[in-house]
Amino acid sequence: MEESLTMSEETKTKTASNYTADNIQSLEGMEHVRMRPSMYIGDTGVRGLHHLVYEVVDNSIDEALAGYCDTITVSINEDNSITVTDNGRGIPVDIHKKEGVSALQVVMTKIGAGGKFDKGSYKVSGGLHGVGVSCVNALSTHLRAEVHREGKMYEQEYSIGKPLYPAREVGPTDRRGTTVTFKPDTSIFDVFEYNYVTLAGRLRELSFLNKGIKLTLTDKRVIDENGNPKSDTFFSSEGLIEFVKYLDETRPAIIGKIIHMERTDGEIPVEVAMVYNDSFNENVHSYVNNINTHEGGTHLSGFRRGLTATLKTFAEKSGMLEKLKLEISADDFREGLTAVVSVKVAEPQFEGQTKTKLGNREADAPVSQVVREMLEAYLEENPQDAKQIVNKVVLAAQARHAAKKAREMVQRKGVGGGGGLPGKLADCAEKDPARSELFLVEGDSAGGTAKQGRDRQFQAILPLRGKILNVEKAMQHKVFENEEIRNMYTALGVSIGTEDDSKALNIAKLRYHKVVIMCDADVDGSHIETLILTFYFRHMKELIEKGHIYIATPPLYLVKKGQKAEYAWNEEQRDALIAEMKGNSDASTVNVQRYKGLGEMNAEQLWETTMNPEKRTLRRVTIENAAECDHIFSMLMGDEVPPRRAFIESNAKYAKIDA
Ligand code: 0RA
């Protein structure tokens, strides 16, 4: 068992007379969405479930971008239904000439109808999103739309996308806008519960990308001691400037302010904000029509080109490179760079494995031009900052050179280089990567147990010594000199570095398609798990993106009575087992063993509970929101203590158990 952590249909031109045929076609569209939901919303797991909310919110964002709306609220209701309200013009309710039913009904029931309304603005919809609110309707057991427009309130309800009655007037109103409440169909989705943190992350992101819009999230499932539901409001007056500040909250900047560039009068509106910090990582997040393009694309190439050209020219003119005897490479300009690039493209072409790479050639030049002109001006006007940046580039070039040796060692010692596999690795017999699994195990002792307990045909074990290096704070050469990290590269068969990108990853020879992190279920184990994840996020992100990284879930308890013994993964399960074994509900003492360490289990127990594919639960690590992940990793692994403490206090999993 695996669980996850963290188009529109062509409609032919019609006339008013074939109204019945239209209805049939719309019905077919809706049925197709239900038959093939993944085609429309990506998947039917956690991601797809949350996607429904984004789809509805996107419509309200469009209305805001058109200039008619400034407040959007999202509520998670007690029953995990969702309500989205905006103060826009309200979806029109007059009879649609071609369709013979209200425009509201067309928007809500016709796949791809969204695009039929030219609202004279850049729709955020497109690519992953933009399948339309009708898809949400098709995938909901119940949906209610409420429109406040021109002094009147209207409503219409639907069940699995079918109208229960025509749109009807309900009475007078003194407000404006649209409210949509929907309940996802549990026969379609594998998961039913909305995650507050996931939705909050997206709304925060949207507030930065669309300054001036107030976005509120409320969770009616969680009520505080004063009787108020959990709630957060996201509002940004400075947009991307605040986005970069947020991303770098815990990374000290090396320049005085955030560099901001914007040009909104062209074909392709461009906005960029950037800063340099004292870290060694590049954190550039790019967006097209509010969609995170984590595979990059033409707008990102434009940004990089503009940045490199401008800084290179400036650095050469400054004379600061004279003492440097090395060639500067393009990635030297991006060390310690945090930036957000946002463009609006009328007809975006999305390419790549996950359709998050912008393909439109015409997006490159406008971005590189804006960066060239505005960054050049910034450097002229801020000589102190300019000096700091060039210094950083020089240091990066030197560090890259120093790291080259260490990196080549990784390469040479690797399997491809004939150096053989790490001595600590207990490899599996299977040679097909698709069927092979690598367990990264905390400590030699648990590593030993895992070696005994595994199925050696397809499961390999690599024990990692104690706390692995915190790569968030380490320079490149330290990373490649670290033995545990080198062992991971070698065991995985992954190599690093190309001509123009010293950190580029080559995973063509990946030896295992499942890499399972297996740590103790206690505070130290969580820490080690986070250190390992930080390494993968910063240095092998592609493995996460391709779905190769998993976390094992060892049990927390063993409940025994006589001959009978069963495992529990949480307190509820434990108490249920105790009650069951006692034969009544008075669950005080039977024999309960709390497992904290993997080493407390013997080989057979470890196999039974955690490694056996028939019984185990693996949690696949996914990146739902790259910017949010970046922020969290830098906060968890950086130098600043107060934000980390606050985060751990509000999210701690083991604080209670360990106390
Ligand atoms: C079509 C046309 C107009 C507005 C909208 C749709 C609209 C859709 C949604 C979805 C959520 N909130 C929304 N608000 C508005 C323009 C109507 C006009 O011209 O008055």
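In each ligand, atom 1 is the first atom listed, and ligand 1 is the first ligand listed. No experiment lies behind these values; they were computed from the predicted model shown. Sequential numbering from 1 along the given sequence is applied to the chain's residues.
Near Arg149, meaning under 4.0 Å from any of its heavy atoms, are these atoms of ligand 1: 17 (C), 18 (C), 20 (O). Atoms of ligand 1 lying under 4.0 Å from any heavy atom of Thr178, numbered from 1 in the order shown and given with element: 12 (N), 13 (C), 14 (N).
Polar contact check, Asp86 against ligand 1: a nitrogen or oxygen pair lies under 3.5 Å apart.
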Inset, instruction - Please test Asp630 against Arg538 for salt bridge (Lys or Arg N to Asp or Glu O under 4.0 Å), starting from the C-alpha separation and ending with a verdict. - result: CA-CA 9 Å; Asp630 180 11; Arg538 294 295 183 206; 3.0 Å; yes
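For the salt bridge (Lys or Arg N to Asp or Glu O under 4.0 Å) with Lys211, the qualifying choice from Glu271, Glu238, Glu242 is Glu271, the only one to do so.
His285 and Phe243 have parallel rings, their planes meeting at less than 30° on a 0 to 90° scale where 60° marks the start of perpendicular.
Salt bridge absent: Lys183 and Asp79 never bring a charged side-chain N and a carboxylate O closer than 4.0 Å.
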